[in-house]
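Quick note on labels: first sequence line is chain A, next is B, and so on, each numbered from 1. Bear in mind the structure is a predicted one, so any value in this text is a computation, not a measurement.
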There are 2 protein chains.
Amino acid sequence: MTDYRDSSGRRLDDYPRPSVAVDTAVLTVVDDALAVLLVRTGEGDAEWRLPGSFIHEGETLRAAVLRSLRMKAGIDGLRPRQLHVFDAPGRDDRGWVLSVAHVDVVGVDRLPASEGHLLARVDDLPDLKYDHEEIVAFAVEAVRVDYRTAPDPAGLLGDSFTMRQLRLLHEAVLNVRLLPDTFRRTMAPQLRATGETWVEGRGRPAEVFQRM
Amino acid sequence: MTDYRDSSGRRLDDYPRPSVAVDTAVLTVVDDALAVLLVRTGEGDAEWRLPGSFIHEGETLRAAVLRSLRMKAGIDGLRPRQLHVFDAPGRDDRGWVLSVAHVDVVGVDRLPASEGHLLARVDDLPDLKYDHEEIVAFAVEAVRVDYRTAPDPAGLLGDSFTMRQLRLLHEAVLNVRLLPDTFRRTMAPQLRATGETWVEGRGRPAEVFQRM
DNA sequence: CGAATAGTGTCTGTGAGACAATATTTA
DNA sequence: TAAATATTGTCTCACAGACACTATTCG
């Protein structure tokens, strides 16, 4: 490394450096409600936190997120989105730690169900360690903004789905009831109608749509 | 500091830590166009960068931004908004450096005009050091989103102003021409009409508005 | 057939965009 | 008075919300 000095004439490693972590709110839909994946902390009573990790040398934040999710939750193939840096002094009792919060949304079938994991409804969270409740709130708001205008931007439904499936998903994510006709007219122009239909329980079969 | 260990059994200071910097795009309006404040880097030929600094121990990102702007540009009293963490490997030739990008908008009268500073139109930037061109693009987009719907969210115009002053400002920030009547009808409900009028050059005097 | 669901017709209100008309001032 | 600017009137279009009606299937 070249011996660069900054405008104060100090070398880079003269400065104390913070620990930098990534923490990820992995959201999913369970029982018609938005839920977040929590992992148990090692020590003592049931204490929960978001999966996260300190970043490794030379690693990007994104790589750290993917690594921490693979190690701590066995999830692969996510596309995390960076949200915000949480930096309140004292937010982490282990020292000077910044956390770069991330969010992603995945199908519940891709999430672990073992003892050390919990899927908690976002409107009924247990106490979380650090400022992770704040991170969850931040993540939920970001995902809801996306789901207000675009059809299933996280791709939970796969390639093909009916308007009803799409609407029920959006109702779960947004925690509101949506009018079927208005919802259809908002989403249909953003989708490709296949002409095919699917039968689901009672009633007239529904047309199948695909992403553009 | 307590000797906490993480889930791998390692102490916090066993991990290598990145240097963390803040860089701020201070935007303003000059000659009916959006411009950004740049500072000259110490070494050699004219090289420009955003004002920034490494964070100091225990300092919040916000405090580091305010300190760096006070030291490097003599600006006080900003309310910077956090944008994004830039973390590409090799983005900084001095080593492993993350930058937390920020943005704020202030009146040109509050900015320094000395030799080491430059106000560059954002559509005609010189070459910038590091990935600061990317940060400027990010900042400009964030500010434009704000100015699309709300009247002068950064408060450049002070307490009282006419619709014309407000519209010319928005045209400068957004780099578009706006229809006076449509613009008025969008903004008027978000402002308080005073009944007072101001004469400016030719034409019928304009009503003075204030923020709600 | 009746219940349930899918999909369309249509009315209303709101608001943006656009152009025209009116109002008030300076040169 | 002519030009410039401010403000309001109004028309059109698009679209969300809402309700009603039609279509199709299962029990």
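- The stretch residues 197-212 of chain B comes close to DNA chain D through B:Arg202, B:Gly203, B:Arg204, B:Pro205, B:Ala206, B:Glu207, each having a heavy atom under 4.0 Å from the strand.
- Remark: P of D:dA6 and CE of B:Met187 are 16 Å apart, rounded to the nearest angstrom.
- Contacts of A:Asp152 classified as salt bridge (Lys or Arg N to Asp or Glu O under 4.0 Å), with partners at least two apart in sequence or in another chain: A:Arg211.
- Contact annotation: the side chain of B:Val26 never approaches that of B:Asp104 to less than 4.5 Å [non-hydrogen atoms, C-beta and beyond].
- Residues passing the side chain to side chain contact (heavy atoms under 4.5 Å, CB included) test with B:Arg148 are B:Glu141, B:Arg144, B:Val145, B:Leu174, sequence neighbours excluded.
- For B:Leu118, the side chain to side chain contact (heavy atoms under 4.5 Å, CB included) partners are B:Leu38, B:Trp48, B:Ala120, B:Pro126, not counting sequence neighbours.
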Heteroatom pairs (N/O) under 3.5 angstrom, protein to nucleotides 11-18 of chain C:
unit_1: C:dA18; atom_1: N6; unit_2: B:Arg185; atom_2: NH2; d: 3.2

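- Residues that satisfy the side chain to side chain contact (heavy atoms under 4.5 Å, CB included) test with A:Ala142, not counting sequence neighbours, are A:Arg81, A:Leu83.
- B:Arg192 meets the side-chain hydrogen bond (donor to acceptor under 3.5 Å, both in side chains) test with B:Gln210; sequence neighbours excluded.
- Shown here are the side chain to side chain contact (heavy atoms under 4.5 Å, CB included) partners of A:Glu57, two or more places apart in sequence or in another chain: B:Pro16, B:Trp96.
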Extract all donor-acceptor atom pairs below 3.5 Å that involve side chains of residues 131-139 of chain A and protein atoms in other chains or at least two apart in sequence.
unit_1: A:Asp131; atom_1: OD1; unit_2: A:Arg91; atom_2: NE; d: 3.3
unit_1: A:Asp131; atom_1: OD1; unit_2: A:Arg91; atom_2: NH2; d: 2.9
unit_1: A:Asp131; atom_1: OD2; unit_2: A:Arg91; atom_2: NE; d: 2.7
unit_1: A:His132; atom_1: ND1; unit_2: A:Leu50; atom_2: N; d: 3.0
unit_1: A:His132; atom_1: NE2; unit_2: A:Asp23; atom_2: OD2; d: 3.3
unit_1: A:Glu133; atom_1: OE2; unit_2: A:Leu128; atom_2: N; d: 3.0

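- At a non-hydrogen distance threshold of 4.0 Å, nothing from residues 141-161 of chain B comes into contact with DNA chain D.
- Applying the side-chain hydrogen bond (donor to acceptor under 3.5 Å, both in side chains) test to A:Thr28 and every residue at least two apart in sequence or in another chain returns nothing.
- Taking atom CZ of B:Arg164 as the reference point, atom P of D:dA4 lies 12 Å away to the nearest angstrom.
- Residue pairs meeting the ring-ring contact (aromatic ring centres under 6.0 Å, His included) criterion with at least one member in residues 178-212 of chain B, sequence neighbours excluded: B:His170-B:Phe183.
- Remark: P of D:dA20 and CZ of A:Arg184 are 20 Å apart, rounded to the nearest angstrom.
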